[in-house]
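Single-structure report; data block below.
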Protein chains: 2
Amino acid sequence: MVTVNRKLLSTEREKLILQALGNGVRTITELSQSLKVSEATVRRDLQSLEEKGKARRVHGGAEQIRFPRIEPLFNEKTALHAAAKNQIAELALKFIEDNDTVYLDGGSTVQRLAALLGSKRNLTVVTNSMTAAAELTESAHRLIILGGEFRALSQTLVGPMTAGILEHLNISKAFLGTIGFTVEEGISTTDPNEAFTKELVMKRSKEVFLLADSSKIGHPSFAVSGNINSIGTLITDPGIPDAVVRKLNKKNIKVVF
Amino acid sequence: MVTVNRKLLSTEREKLILQALGNGVRTITELSQSLKVSEATVRRDLQSLEEKGKARRVHGGAEQIRFPRIEPLFNEKTALHAAAKNQIAELALKFIEDNDTVYLDGGSTVQRLAALLGSKRNLTVVTNSMTAAAELTESAHRLIILGGEFRALSQTLVGPMTAGILEHLNISKAFLGTIGFTVEEGISTTDPNEAFTKELVMKRSKEVFLLADSSKIGHPSFAVSGNINSIGTLITDPGIPDAVVRKLNKKNIKVVF
DNA sequence: GAATAATTTGCAAGATTTTGCAAAAAAATT
DNA sequence: AATTTTTTTGCAAAATCTTGCAAATTATTC
């Protein structure tokens, strides 16, 4: 236990704050009182922690980030992104025709697409996303779920075991999500197993569509998936820089927004 | 129970809402009263949750996005022999030890067992049942889902595609459900694809437990699964006729009730 | 060890966000 | 079609956040 009998360095205080957050969400007032510093100071500390990716501020307080390496990227900054994602999903929908065999990847954008598939007829939907699967269990479409190890963070099935099924399937159109995307390297995610599955899907699909809002472009993640040339079309929002569009077009990747 | 001794942050409130939704559909009014905030605020929270894909709003309230409720048919059956099924599940649980690799089949009895696994540590759970999977997504156990075609009626993944993964796994204890069971033929179900998967599981498992309440005994169904001798133990209820117990014992199948 | 520079802290005014209320719009029900 | 219920929208009050600045603290230099 740390007894506060002298002034604390901000570094020490930040550690105490993190410790306090470990037990859940804390308000600014709570933190301010228990650390005996002004609320302004707490705010500044939290700002610093947020920049380091160790805490997430919410209006009125802050909470701990459980998976520091990953969550900041997940951080769906509110309705702005949500709107973009819906738009992207609607654009993607236009590429799907009745009777298609499509693959749906994990991720929130693709999830939106899954919710829209009710308007199509007689699809065969292959997916590794448990949430997409859940969305589709009540639909009339044929649903095929890749097996494999369940990854709680992304709610997907990933890893080498997925290969067994994928090898037996020919997918006409794959719709992939991603954590990061760069013009040089293409798709990248945080988990190598997930990257492996994405790569395999790209190989087994005639057409590959990448669904990524513009906030993801230019930010690579840890594990790179396959070759960027496997991607046929990037579906994104108008926030994508012109320069990126040009570079992608040069690589024969269509960009839609 | 959460005691509200201070103002809640919106993040916390959203978590409480999700928790409340876990028990089914809630109306806006209910949520507003139990959280002691205005209905407008509840609506806004639900909107936010919906954008994050964690809840679905319906007219008059909201529900959690989860795996679909088991269908009526499934439900009726469940209610019918509920007590027996719970007992059977509890008996089955005693055969599971920490660190085991177990297989969970579809069916309402096995589903009960899935719900009890929280008391064990560090299991590897392999399953083809979407409802069992749903039950376990939040657990700390390692979860492996067989791939394959989704069969809505039983909410399971079945057919030849499941083989790809099963062949790579060694299961120590398999817990199977069934539609019908006879001393002569053993397990039988309505769907050949489902029978195929059950058969394969029996081959890949060191010990096979069949969970079947006594109402199923003596009633064969359409598609027979594998050899009756693959079954090591029948876990059932006291309603099982003595004659059947004797015959099974002769075949070296233990009977537990 | 004193003087100076750099950083941190607390305060308070102005900007932003959240909340609850109520009217208008939309959806479901009769 | 009329009524009731639910949802959306606009608005004002309250709460929270940001920013600039001065005081306090800490680090650096002489």
Side-chain angles (χ1 to χ4, degrees), chain A residues 2-21 24-65 72 75-84 86-87 112 115 118-119 215, chain B residues 2 4-18 20-21 24-65:
Chain A
V2 181
T3 41
V4 186
N5 46 17
R6 63 160 167 88
K7 209 144 185 276
L8 288 170
L9 262 48
S10 60
T11 332
E12 298 179 273
R13 209 175 43 228
E14 286 185 9
K15 275 178 197 157
L16 284 179
I17 289 179
L18 270 187
Q19 206 175 312
L21 291 184
V25 186
R26 286 286 114 94
T27 64
I28 303 283
T29 316
E30 281 177 311
L31 290 169
S32 156
Q33 284 170 0
S34 76
L35 296 165
K36 301 192 205 318
V37 291
S38 77
E39 303 204 347
T41 303
V42 174
R43 280 185 225 287
R44 277 183 277 244
D45 284 347
L46 287 173
Q47 200 166 4
S48 150
L49 284 169
E50 187 167 52
E51 277 160 15
K52 292 181 203 148
K54 295 186 174 175
R56 187 201 333 278
R57 289 196 300 164
V58 295
H59 198 91
E63 64 188 355
Q64 189 198 22
I65 288 181
N75 199 356
E76 296 190 24
K77 264 288 188 191
T78 63
L80 205 80
H81 282 250
N86 281 329
Q87 270 188 310
R112 302 291 201 306
S119 62
S215 75
Chain B
V2 181
V4 184
N5 45 19
R6 65 159 165 89
K7 209 158 178 272
L8 286 173
L9 264 44
S10 57
T11 331
E12 297 177 277
R13 212 176 40 228
E14 286 185 7
K15 278 177 196 155
L16 285 179
I17 289 178
L18 269 188
L21 292 183
V25 184
R26 287 273 164 293
T27 65
I28 304 284
T29 317
E30 278 179 308
L31 290 169
S32 156
Q33 284 170 358
S34 76
L35 296 165
K36 300 193 206 316
V37 290
S38 76
E39 302 203 349
T41 302
V42 173
R43 281 182 219 289
R44 278 184 277 242
D45 285 347
L46 287 172
Q47 201 167 359
S48 151
L49 285 168
E50 188 167 52
E51 275 159 11
K52 292 183 202 147
K54 294 187 173 175
R56 176 183 303 137
R57 290 195 298 165
V58 296
H59 200 88
E63 62 190 358
Q64 193 174 10
I65 294 192

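Just so it is clear: chains get the letters A, B, ... in the order the sequence lines come, proteins before strands, and each one is counted from 1.
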In whole angstrom, what separates [X]'s [atom1] from [N]'s [atom2]?
{"X": "B:Gln47", "N": "D:dT6", "atom1": "CD", "atom2": "P", "result": "18 Å"}
{"X": "A:Glu50", "N": "D:dT18", "atom1": "CD", "atom2": "C1'", "result": "14 Å"}
{"X": "A:Asp45", "N": "D:dC17", "atom1": "CG", "atom2": "P", "result": "14 Å"}
{"X": "A:Leu46", "N": "D:dC17", "atom1": "CG", "atom2": "C1'", "result": "12 Å"}

Roughly how far, to the nearest 0.5 Å, is the [atom2] atom of [Y] from the [atom1] atom of [X]?
{"X": "B:Leu31", "Y": "B:Arg43", "atom1": "CG", "atom2": "CZ", "answer": "10.5 Å"}
{"X": "A:Thr41", "Y": "A:Lys36", "atom1": "OG1", "atom2": "NZ", "answer": "14.5 Å"}
{"X": "B:Ile28", "Y": "B:Arg57", "atom1": "CD1", "atom2": "CZ", "answer": "7.5 Å"}
{"X": "B:Leu49", "Y": "B:Arg13", "atom1": "CG", "atom2": "CZ", "answer": "10.0 Å"}

Using the side-chain contact (heavy atoms from CB on, under 4.5 Å) definition, which of the options A:Leu35, A:Ile17, A:Val37 pairs with A:Asp45?
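Among A:Leu35, A:Ile17, A:Val37, the one meeting side-chain contact (heavy atoms from CB on, under 4.5 Å) with A:Asp45 is A:Ile17.
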Review point. At how many degrees, to 10°, do the end axes of the helix from C:dG1-D:dC30 to C:dT30-D:dA1 meet when each uses five pairs?
Key: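 One end axis against the other gives 40°.
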Exercise. Do A:Ser48 and A:Glu14 have side-chain N/O donor and acceptor atoms under 3.5 Å apart?
Worked result: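 Note: A:Ser48 and A:Glu14 side chains meet the donor-acceptor criterion.
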What are the atom names and distances for every N/O pair under 3.5 Å that joins the protein to nucleotides 23-30 of chain C?
none

Problem set entry | Minimum heavy-atom distance A:Glu30-A:Val25, with the two atoms named |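 Answer, listing the atom of A:Glu30 first, then A:Val25: OE1-O, 4.3 Å.
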For A:Ser38 and A:Ser32 the tightest heavy-atom approach is C-OG, 3.9 Å
Protein-nucleotides 10-12 of chain C N/O pairs closer than 3.5 Å?
{"unit_1": "C:dG10", "atom_1": "OP2", "unit_2": "A:Ser38", "atom_2": "N", "d": "3.0"}
{"unit_1": "C:dG10", "atom_1": "OP2", "unit_2": "A:Ser38", "atom_2": "OG", "d": "2.9"}
{"unit_1": "C:dG10", "atom_1": "OP2", "unit_2": "A:Thr41", "atom_2": "OG1", "d": "2.2"}
{"unit_1": "C:dG10", "atom_1": "N7", "unit_2": "A:Arg44", "atom_2": "NH2", "d": "2.6"}

Can you tell me if the side-chain N/O atoms of B:Arg57 get under 4.0 Å from OP1 or OP2 in D:dT8?
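Answer yes for this pair, as a side-chain N or O of B:Arg57 is under 4.0 Å from OP1 or OP2.
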Self-check item: Check: B:Leu9 and A:His59 side chains under 4.5 Å, non-hydrogen atoms
Solution: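 No, their side chains stay 4.5 Å or more apart.
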Non-hydrogen side-chain atoms of B:Thr11 and A:Arg56 separated by less than 4.5 Å
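B:Thr11 does not reach A:Arg56 side chain to side chain.
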Assert: residue with more 5' nearest nucleotide on DNA chain D, out of B:Ile28 and A:Arg43, is B:Ile28
